[in-house]
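All chains are named by letter (A, B, ...) in the order of the sequence lines, taking the proteins before the strands, and each is independently numbered beginning at 1. Computed from heavy atoms alone, side chains included, the values below leave out hydrogens, waters and symmetry copies.
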Amino acid sequence: MLDQRFDPQGAEQRIYQRWEEEGCFRPSGDTSAEAYSIVIPPPNVTGVLHMGHALNNTLQDILVRFERMRGKNVRWQPGTDHAGIATQMVVERQLAQDGGNESRASLGREKFVDRVWDWKEQSGGQIINQLKRLGASCDWENERFTMGDRHDPDDQMQEAVRKVFVDLYNEGLIYRDKRLVNWDPHFQTAISDLEVESRDVKGHMWHFKYPLAGGETYTYVEKDEDGNVTLEEERDYISIATTRPETMLGDGAVAVHPDDERYAPIVGKLCEIPVGPKEHRRLIPIITDEYPNPEFGSGAVKITGAHDENDYGVAQRNNIPMYRLMDDQARMRTDGPSYEESAKAAQAIAGGKAATAAEVDALNLVPEAYRGLDRYEARKQVIADIDADGLMIEVEDKLITQPFGDRSGVVIEPMLTDQWFVNAAELAKPAIEAVRTGKTKFVPENWTKTYYNWMDNIQPWCVSRQLWWGHRIPAWFGPDGKIFVAHDEAAAVAMAETHYGEPTELTQDEDVLDTWFSSALWPFSTQGWPEETEALKQYYPTSVLITAHDIIFFWVARMMMMGIHFMGEIPFHDVYIHALVLDEKGQKMSKSKGNAMDPLELVDEYGADALRFTFARLAAQGRNIRLAKQSVEGFRNFTTKLWNATRFAEMNSCEFGHELKPGDLKLPLNRWIAAELAKAEAAVTASLEAYKFNEAADALYQFIWNVLCDWYIELIKPVMNGEDEAAKTETRKACGWVIDQTLKLLHPFTPFVTEALWEQTEDAERKRPGFLMLQDWPRYGDAWADAEAEAEMAWVLDTVSEIRSTRSVLNVPAGAQISASLIDASDKVKGWAAANEVPIRQLARLGSFAIADVKPARSVTIASGEDSIALEVEEFITPADEIARLDKEIAKLEKDITGTEKKLSNENFVAKAPPEIVEENRERIREWTATLAKLSSAREQLKDIS
RNA sequence: GGGCGGUUAGCUCAGCGGUAGAGCACUACGUUGACAUCGUAGGGGUCACUGGUUCGAUCCCAGUACCGCCCA
């Protein structure tokens, strides 16, 4: 006998363990079956499960369980990524907390990396166990890690990364370059554009005078829109606005828009940077470029190519030198020649002397007074010094958009450094094409635009990181800086020997690769690439990638690029983009806001099934999910409902664990529920095939609660309590079978409670053929469709509902056993009434339900179409109340009839609307008219009585 | 500034060219041998606004307003 309710705490872990022990998560390996594969978007090895993961993995698990039951050869590939910065940060923090004197620096690279591996083995990958608590049916035996195995020198995951790097280098798609990158001064590494978050913060805009060289002057004229002069004065300076005065030291030019008439007289002349020792102030040219916006500030912009994204572009276009001012920690440089020497050299370059980028970079244009200062301290002093010179015009308070490192939270410094770049634009071409031609489809489709938008404007991808934890870049430098990219050191050495003509010592690049570089290979590296494995043949391309939209750039785009390039084939057929999980108020959940909900707490409180079903039910395409505890509670109640329905069936000796064929059922009641079940199955299957999780979940919810529990179970109670043994036998079979089938359909959504019920309803005579999760997905087609039974039961349900509603409206006490008669019914309806007399009496709480030719006097009429039902409730109501009720209904009917008649009298409607619609409206009028006649005559009768 | 999305019941949201739906909340009644984590019934909507297409628009198109998110 089943317990009163399902106990998730007690059952979930036990069931999960059994599945795992019995190898239920393994691919069937049946190569004659269609393959179905999903790679998990690898969570960070440092990660803990949050709502986004919970939703993401629930949806994957639903699909995977569904397809597994459909007989496909399913691999759900799990694993984690090594999360370069995050993991290094965790271990460094741990070192600091340990209280010893050890730090990353004191340990040195090798020992530190060992420590990270130790940490990974002991504490990493918690999220894997958390995924198991959700019920995730990943192929855990094939779990992968983007860094591979520390103990295996030939580790294949590492091999894959090396091969990709070397191949791309040899193809010219990876190159080393000095470019402006996002520099994180906290972690002292470059990071990619995607790891930078722009935020508006309060800041200032300083306006300074840049004096013209040699005290030259010009007439500065401002005009309004109509061309009237609003300001005219002689100036010996050009006004420059900046939010970052400390970067003035590295200015290479001042730029104005070519159409800006105000500055036309001084274009091509020189002006002076108003900071630094007076005797060595630098002169820089005033140039034109499309970038400056004449409407913004003074319209003139200082150009510091080495420390600003926009300036970098201007500097490149106009061949303006880019002077680097800061070190790895964003302090003003202390290296290189003196300011005096550097300024002279810079002046020579400004005057036309040729210089290489390296020579320019070597110069240190930070005056001695500012050297070694933090960038913000330097800013203060620069401002103070200019102000003291009387060259400051004004300071504005202003909201400025600043870049922050998403991990470090510090302001990112655009910095000119040597890094490795992937030619993403080139790799993007076939990746864009694959979506354009429909080889890979986004669901919902509108995300293709986001994808194109990103891909069409893609920038070189900076893949080197100045970290220790990660895939070391397989590049070695000769003494002259010559680069040798090779699979391993021996190969590099051999190349060097050929190149130099003698054995030459090389040093390996210190840097590691961006974590996403290895994640981009995930769909094929996890299946054994570069070896041509059986797994690759079976499971690549994968069927679908399930992810959130904020990850389109990180994962989707990069996996597409690498997959197509190295496999010659797209990595996934579909990309399903799911919602973000927001809090009740529609705000993003975050730790700092304190509105984050812990999915595992919800699992503890309501069970994994409840949380999973909530996600599925709310996962409508193209919309975010606002999650409230209350919804999870509601769906927990749903699982309880199912539990109790099964419990009822068990108590009534329903037979589980057998098959039924359409001809086996004779009773309309049972034929009807089978037909309803088949409809639900069709809806669930179609919805899941279309990634419409909410529709699938809704179909199941409606079927189980509103059809199976509310009606079917109520309707079989009289059968079970009755005398008809044949009917009982059939109904026991039918009910048990329908519940069995329902468990299968619901299993992908709520695997634990369904598996528990499957297991616990096992019959001694009919053993279950193994786990529910491994059963075949039912496909009924229209075999169970049964128009006759459905019409009969529709009439029964309708009749009961009408009687109940009328009782309630008339305030007939719930316990009163009243009498009712069916009037003016056709023979068919009379037959239905006779056959269903007992259930109708019980569900509608009637003392008697008879077929009569004449309406009993003093009864209340419920009319629908031809037949009507007379309720003998005289003792409970007053005729006036009933007349009022009838008037209301009559009025509504009259209104409906008039409206529809008007529609039908429109020739255009009759001529142009589809015939079935026209007929539908005519039929409606016929029915309403009949009903109206019944109600009117009932009203007349009542009037006579009262 | 560019792009995307949203506006439907008190709340959260489905839906859809052919009489407006769900869950929750609310109201009344109910402890009937599966379930009070429940049952029965009920109230509640100019489907943001303005035009257009159509026999017919909440739905399609255009515009407006407001609200989100992403990118500069």
Side-chain angles (χ1 to χ4, degrees), chain A residues 1-2 4-6 193-194 197-198 293 309-310 401 444 446-450 452-454 457 549-550 552-553 579-580 582 584-588 606-607 610 614 617-631 633-652 654 692 694-695 697-698 701-702 705-706 708-710 713-714 716-717 720-721 735 739 800-815 842-845 892 895-897 899-900 903-914 916-918 920-921 924 928:
Chain A
M1 175 61 139
L2 289 171
Q4 284 241 322
R5 58 181 66 97
F6 179 54
D193 295 344
L194 293 175
E197 204 179 297
S198 289
N293 176 358
E309 199 69 49
N310 292 312
T401 307
N446 54 296
W447 290 108
T448 51
K449 286 199 179 169
T450 305
Y452 292 145
N453 195 20
W454 168 256
N457 300 300
H549 73 79
D550 51 354
I552 290 177
F553 309 138
L580 298 178
L582 308 176
E584 283 173 80
K585 292 173 195 151
Q587 302 202 304
K588 273 193 185 175
Y606 301 108
T614 306
R617 184 65 189 77
L618 299 181
Q621 287 180 10
R623 198 128 167 179
N624 289 332
I625 293 178
R626 291 196 196 187
L627 190 66
K629 240 182 158 181
Q630 210 180 26
S631 339
E633 188 184 342
F635 292 113
R636 187 273 320 268
N637 296 352
F638 169 65
T639 61
T640 306
K641 189 77 182 170
L642 172 76
W643 182 270
N644 277 291
T646 311
R647 187 162 175 266
F648 168 84
E650 189 192 37
M651 289 167 69
N652 285 279
C654 290
K692 295 186 173 175
N694 61 317
E695 291 182 13
D698 194 43
Y701 187 97
Q702 301 292 344
W705 203 311
N706 304 125
L708 184 66
C709 293
D710 286 351
I713 288 184
E714 293 306 322
I716 68 175
K717 283 177 183 174
M720 295 305 189
N721 297 329
C735 181
I739 289 177
V800 170
S801 296
E802 299 251 31
I803 297 171
R804 281 171 171 174
S805 174
T806 309
R807 288 179 63 125
S808 176
V809 168
L810 296 176
N811 288 316
V812 176
Q842 294 205 2
L843 297 195
R845 319 213 90 213
K892 184 178 183 302
K895 194 179 149 219
D896 288 346
I897 290 170
T900 306
K903 196 189 246 186
L904 281 166
S905 66
N906 180 346
E907 282 172 32
N908 273 327
F909 173 71
V910 180
K912 294 187 180 171
E916 63 272 22
I917 295 292
V918 177
E920 199 180 302
N921 279 281
R924 243 178 243 158
W928 285 336

### Task
Can you tell me, in whole Å, how much space there is between the C1' of B:U32 and that of B:C38?
12 Å

#### Entry: Qualifying residues under ring-ring contact (aromatic ring centres under 6.0 Å, His included), relative to A:F6, sequence neighbours excluded
A:W643

### Task
In whole angstrom, give me the gap between the P atoms of B:G43 and B:G10.
15 Å

## Note on the structure
Of the listed B:A25, B:C4, B:C13, the closest approach to the A:Q630 side chain comes from B:A25

### Summary
Separation of B:G39 atom P from A:E714 atom CD, nearest Å, is 9 Å

### Query
Can you check whether A:E650 reaches A:T646 side chain to side chain, under 4.5 Å on heavy atoms?
no

### Task
Compare the minimum distances between each of B:G30, B:G42, B:C55 and the side chain of A:S805, then state the nucleotide with the smallest one.
B:G42

### Query
Side chain of A:E714, backbone of A:L843: donor and acceptor closer than 3.5 Å?
no

### Message
Please report the distance separating the C1' of B:C47 from the corresponding atom of B:G39, rounded so that it comes out in whole Å.
### Response
32 Å

#### Entry: Between B:U31 (P) and A:N644 (CG): distance, integer Å
20 Å

### Query
Reckon A:T900 has a side-chain N or O less than 4.0 Å from the OP1 or OP2 of B:U19?
no

### Query
Counting only side-chain N and O atoms of A:N637, is one of them less than 4.0 Å from OP1 or OP2 of B:C38?
yes

### Touch class at under 4.0 angstrom, heavy-atom based, for A:P813 against every strand present
nothing

### Nearest-angstrom distance, C1' atom, B:G6 to B:U64
16 Å

### Message
Counting the atoms with a prime plus P, OP1 and OP2 as sugar-phosphate, which does A:N453 contact under 4.0 Å by heavy atoms, base, sugar-phosphate, or nothing?
### Response
nothing

### Summary
Assert: residue with more 5' nearest nucleotide on RNA chain B, out of A:K912 and A:Q702, is A:Q702

### Query
When you measure from the side chain of A:R617, which nucleotide among B:G39, B:A41, B:A22 comes out closest?
B:A22

#### Entry: Heavy-atom closest contact (A:R626 atom, A:L618 atom, distance)
O-CD1, 4.2 Å

### Task
Answer yes or no: does a side-chain N or O of A:W705 lie under 4.0 Å from OP1 or OP2 of B:G39?
yes

### Query
OH of A:Y701 to CZ of A:F635: how many Å apart, nearest 0.5 Å?
6.0 Å

### Query
What's the OH-C1' distance between A:Y701 and B:G23, to the nearest Å?
6 Å

### Query
Are the side chain of A:T614 and the backbone of A:A610 linked by a donor-acceptor contact shorter than 3.5 Å?
yes

### Query
Can you tell me if CD on A:E907 sees more than 12 non-hydrogen neighbours from other groups inside 6.0 Å?
no

### Query
Rounded to the nearest Å, what distance is computed from the CG atom of residue A:L582 to the P atom of nucleotide B:U12?
12 Å

### Task
Please report, rounded to the nearest Å, how far the P atom of B:U53 is from the CG atom of A:N908.
14 Å

### Summary
Rounded to the nearest 0.5 angstrom, the CD1-CZ distance for A:I803 and A:R845 is 13.0 Å

### Summary
Value for CE (A:M651) from CE (A:M720), rounded to nearest 0.5 Å, stands at 12.0 Å

### Task
Taking atom P in both B:U46 and B:A20, compute the distance separating them and give it to the nearest angstrom.
13 Å

### Query
Which comes earlier along RNA chain B counting from the 5' end, the contact point of A:I713 or that of A:I625, where each point is its nearest nucleotide?
A:I625

### Query
Base, sugar-phosphate, or nothing for A:K717, non-hydrogen atoms under 4.0 angstrom?
base

### Query
In dot-bracket form, how is RNA chain B paired, counting a Watson-Crick or G-U wobble pair only if both its distances are under 3.5 Å and using | for bases paired to another strand?
(((((((..((((....[..)))).(((((.......))))).....(((((..]....)))))))))))).

### Task
Can you tell me the distance, in whole Å, between the CG atom of A:L810 and the P atom of B:G42?
12 Å

### Nucleotide B:U54, atom C1' - distance to CD1 of A:I917 in whole Å
14 Å

### Task
Considering just the side-chain nitrogens and oxygens of A:R924, establish if one lies under 4.0 Å of OP1 or OP2 belonging to B:U19.
yes

### Task
Quote, to the nearest angstrom, the P distance that separates B:G68 from B:C13.
14 Å

### Query
When you measure from the side chain of A:A645, which nucleotide among B:U40, B:C29, B:A34 comes out closest?
B:A34

### Task
Indicate whether OP1 or OP2 belonging to B:U37 is found under 4.0 Å from a side-chain N or O atom of A:R636.
no

#### Entry: A:N811 CG to B:G43 P, straight-line distance once rounded to whole Å
13 Å

### Query
With sugar-phosphate meaning primed atoms plus P, OP1 and OP2, does A:R807 contact a base, only sugar-phosphate, or nothing at under 4.0 Å between heavy atoms?
nothing

### Under 4.0 angstrom between A:K449 side-chain N/O and B:C4 OP1 or OP2
yes

### Query
So what does A:T640 touch, heavy atoms closer than 4.0 Å: a base, only the sugar-phosphate, or nothing?
base

